[in-house]
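Right, one structure below, let's go through it.
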Amino acid sequence: MAHVNDPTEPVIPPAHAPPDGTLAAAALRQLIGLLARGAPAEQFARPGAQARTAGAEPAEQAVVEEATRVALDIRRTLDQHRRREAELTALFDTAGDLAALRDLDAVLRAIVRRARTLLGTDVAYLTLNDPLVGDTFMRVTDGSVSAAFQQLRLGMGEGLGGLVAQTARPYASSDYRADDRFRHTSTIDSGVREEGLRGILGVPLRVASRVIGVLYAADRSVREFAPDAVALLSSLADHAAVAIDGARLLEETRTALAELNSATETARAHSEAARLATETHDRLTDLVLRGGDVTDVAREVAALLRGGLVVHDADGAELARVATGPIDPPSQGVAASRSGGRAVPVDGVWVCAVLAGPELLGSIALTGRADLPDTDRRLFERTGLVTALLLLLRRSVAHAEDRVRGELLSDLLTPRSPGRTRDSGSRTIRARKLGVNLARPHAVLVLHCDAALRPRLSAQAARRARALDGLAGLHEGRVVFLAPAERPGDLARSLAAELGQSLGAPVTVGSAGPDGGPDGLPAVYAEALRCLQALHALGHTGYGAALPDLGFVGLLLGDRGDVGGYVHRVLGPVIEYDAQRGTELVSTLQAYYLHGASLSKAKDALHIHVNTVVQRLDRIRRLLGEDWNSPARALELQLALRLHLLAKPGPPSTA
């Protein structure tokens with residue numbers, strides 16, 4: 001191809017030019033112009049060629065050739081300076097970019113991308129050291145296509161990267177696969193081969209004297225890495241290490257701040273919970289000290305927890321209930337709370353055992369709050385402590401009161417010693433302080449159950465007696481009940497049924513009364529005791545009665561026999577029927593029994609037809625019941641008939 005002259009270049013005339021050095025000078029000016037324009041290197045040979053063509057002398061040609069060599073050296077130096085300037089500019093830009101980043105992953109990606117761009121390689125990647133495991137692992141890649149390569153881990157001293165991480169010095173290999181300076185492993189070589197890498201350069205990432213990782217630039221073809229490339233990548237690695245450490249410190253600071261904020265919130269929540277718990281405890285304690293009972297505490301806590309509350313004693317009896325329906329205390333929940341010392345949920349109901357040390361005093365159930373935060377749960381558990389205090393106080397008062405009640409009861413039931421007078425006024429005052437009015441008629445009841453259940457029976461009887469404004473306790477080893485009652489038999493039957501169900505075992509109750517005043521109570525107690533003995537003798541265990549309820553047996557055992565009352569209970573309907581209608585049912589019954597229950601002999605004695613006898617007996621059956629002629633009823637009827645005839649004025653009946 002013909003050379004086209006630059007119109008600005010001086011053209012050396014051919015052989016007719018004067019031999020006075022003008023050709024050499026023209027060539028020098030042309031070289032200077034090429035340098036000034038930054039012309040390509042191949043254009044610097046033209047001035048020498050033109051001088052030779054123009055017939056320059058050998059000396060001039062030598063000057064031109066030397067000038068050409070110097071010009072090329074100057075050009076290479078300028079190119080290096082320009083390239084270095086560009087690299088420095090890129091480094092400054094990189095430093096600015098890295099300084100602006102705050103996310104560690106973004107910092108690492110920016111470092112690897114800039115390394116690949118600055119060195120013009122196919123791949124760039126970065127590994128970070130793991131001080132716990134003692135190796136270096138692949139963290140970020142740019143330009144990589146192999147999944148195995150992206151997950152490599154290099155032991156210290158293994159491969160090119162492991163050696164850089166171990167020695168903190170840069171290493172380069174124009175063809176890593178064939179380079180035996182490094183310790184090859186099957187894992188590393190397999191990953192490098194799968195990625196297709198040949199030329200690899202690695203430089204350490206250092207913070208002060210500590211190596212935190214390795215920065216790499218690699219080509220998929222054989223490549224020699226010049227010292228300038230090593231220096232450039234090392235400079236980038238220095239900037240990157242500082243940025244990585246800064247981002248790490250910033251991330252650690254953020255994490256620490258987040259943890260501090262979380263700890264502060266937790267501390268604030270705990271402080272608020274402690275304050276609320278303390279205030280609640282103070283309020284409940286003050287409520288107890290001001291004389292509040294279990295219901296008052298339950299009402300206060302139910303309002304605080306926005307739910308319903310039920311308090312039970314150790315036997316499952318309800319002591320208080322607020323804002324909810326009646327429920328049975330879940331035995332499994334009470335047992336779990338008792339063993340763990342914490343409130344537990346059972347089917348949407350929170351249960352807390354009320355404990356005094358290992359002793360179970362009762363339980364509290366919270367309804368309507370299936371989701372109970374820790375703060376409210378601790379408040380609920382604190383309620384258990386206050387309730388335990390209240391129940392202990394209540395039990396202590398009850399024990400003291402029961403002791404006083406028991407002493408008064410024993411005093412009332414103990415017969416007066418000969419020569420000793422009773423202080424009735426003192427007993428009346430003592431009774432009034434306990435809410436017992438001795439001026440009212442009182443019945444005495446003696447209760448019996450299995451010996452093992454006697455303490456529970458005494459406690460249940462004392463609770464029931466307080467409700468009736470009476471007294472209950474142990475007297476002579478027996479559970480005795482004193483209460484106002486006009487019909488002691490009815491009260492005995494009621495107590496036998498109620499207390500028997502509560503204890504889950506038979507309770508037999510003998511009763512007597514009402515008394516004629518406090519001085520008559522010992523005799524009434526003795527009669528109630530005889531009634532209890534008669535119930536056992538008759539096989540009526542688990543029942544309650546008074547002596548009159550036992551028929552002629554009661555009449556025989558009682559020292560205050562009520563003959564008229566007995567006759568009325570046994571024969572009353574028949575006597576009243578005769579009185580109202582003028583019939584002779586009583587005399588017919590008398591004749592029937594007097595003649596051995598013979599219809600024919602009875603009709604002869606009465607001088608009536610046998611059908612009339614049958615009709616009268618049928619009327620008696622309807623009045624007295626179907627079992628009127630059973631052996632036991634027949635005995636009762638015959639005794640009542642004899643007593644009735646004895647009490648009847650006038651001459652004895654002809655029957």
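Numbers here simply count residues along the sequence, with the first being 1.
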Among His442, Arg430, Arg466, side chain to side chain contact (heavy atoms under 4.5 Å, CB included) partner for Val436: His442
From Thr295 atom OG1 to Leu309 atom CG, the distance as rounded to the nearest 0.5 Å: 10.5 Å
Donor-acceptor contact below 3.5 Å, side chain Asp313 vs main chain Gly316: yes
Shortest non-hydrogen separation from Val479 to Arg454 and the atoms involved: CG2-CG, 3.8 Å
Candidate pair Leu319 and Leu391, rule side-chain contact (heavy atoms from CB on, under 4.5 Å), full reasoning: CA-CA 10 Å; Leu319 301 179; Leu391 292 181; 3.7 Å; yes
Asp347 atom CG, neighbour heavy-atom count above 12 within 6.0 Å: no
Spatial distance of atom CG (Leu571) from atom CG (Leu589) [nearest 0.5 Å]: 6.5 Å
Check against side-chain contact (heavy atoms from CB on, under 4.5 Å), Val574 and Arg619: CA-CA 9 Å; Val574 178; Arg619 171 64 61 183; over 6 Å; no
side-chain hydrogen bond (donor to acceptor under 3.5 Å, both in side chains) assessment of Arg463 paired with Gln460: CA-CA 5 Å; Arg463 183 183 300 114; Gln460 296 280 3; 2.9 Å; yes
Heavy-atom closest pair, residues Gly542 and Thr508: N-OG1, 2.8 Å
Heavy atoms of other groups near Glu476 CD, more than 12 under 6.0 Å: yes
Approximate separation, where rounding is to 0.5 Å, of Leu412 CG and Tyr525 OH: 13.0 Å
Any donor-acceptor N/O pair, Ser511 side chain to Pro488 backbone, under 3.5 Å: yes
Heavy-atom side-chain contact between Val386 and Val301 under 4.5 Å: no
Under 3.5 Å: donor-acceptor pair, side chain of Ser337, backbone of Val334: no
Contact summary for Leu503 and Arg456, nearest pair of heavy atoms: CA-NH2, 4.1 Å
Flag side-chain contact, heavy atom, 4.5 Å: Asp296 against Asp293: yes
Side chain proximity check, Pro522 to Leu413, heavy atoms < 4.5 angstrom: no
Donor-acceptor contact present, side-chain Arg369 to main-chain Leu305, <3.5 Å: yes
Heavy-atom pair of closest approach, residues Gly473 and Leu409: N-CD2, 3.6 Å
Side chain Ser630, main chain Asp627, donor-acceptor under 3.5 Å: yes
Considering all heavy atoms, the nearest Ala320-Val294 contact: CB-CG1, 3.8 Å
Flag side-chain contact, heavy atom, 4.5 Å: Leu408 against Leu471: yes
Flag, side chain of Ser494 to backbone of Asp490, donor-acceptor distance under 3.5 Å: no
Main-chain N/O of Leu257 paired to Asn261 side chain as donor or acceptor, under 3.5 Å: yes
Arg306 side chain reached by Asp376 side chain, heavy atoms, under 4.5 Å: yes
Steps toward side-chain contact (heavy atoms from CB on, under 4.5 Å) verdict (Leu529, Val444): CA-CA 9 Å; Leu529 183 57; Val444 178; over 6 Å; no
Note: Arg139-Asp130 ion pair, threshold 4.0 Å (strictly below): no
Side-chain heavy atoms of Arg377 within contact of Leu379, under 4.5 Å: no
Heavy-atom neighbours of Gln501 CD exceed 12 at 6.0 Å: no
Straight-line distance of Leu532 CG to Thr541 OG1, nearest 0.5 Å: 9.0 Å
Exam field: side chain Arg321 to backbone Thr324, donor-acceptor pair closer than 3.5 Å: yes
Distance (rounded to the nearest 0.5 Å) between Ile364 CD1 and Glu381 CD: 10.5 Å
Asp328 atom CG: more than 12 heavy-atom contacts under 6.0 Å: no
Non-neighbouring partners of Glu626 that pass side-chain hydrogen bond (donor to acceptor under 3.5 Å, both in side chains), sequence neighbours left out: Arg621
Closest non-hydrogen atom pair between Ala343 and Phe380, with its separation: CB-CD2, 3.7 Å
Atom pair CZ (Arg378) and OG1 (Thr383), whose distance is rounded to the nearest 0.5 Å: 13.0 Å
Sidechain-backbone polar pair: Arg338 side chain, Pro358 backbone, donor-acceptor under 3.5 Å: yes
Worked verdict on Leu447 versus Val480 for side-chain contact (heavy atoms from CB on, under 4.5 Å): CA-CA 6 Å; Leu447 292 71; Val480 182; over 6 Å; no
Beyond-backbone contact of Phe481 with Arg464, side-chain heavy atoms, under 4.5 angstrom: yes
Close side-chain approach of Tyr543 and Arg493, heavy atoms under 4.5 Å: no
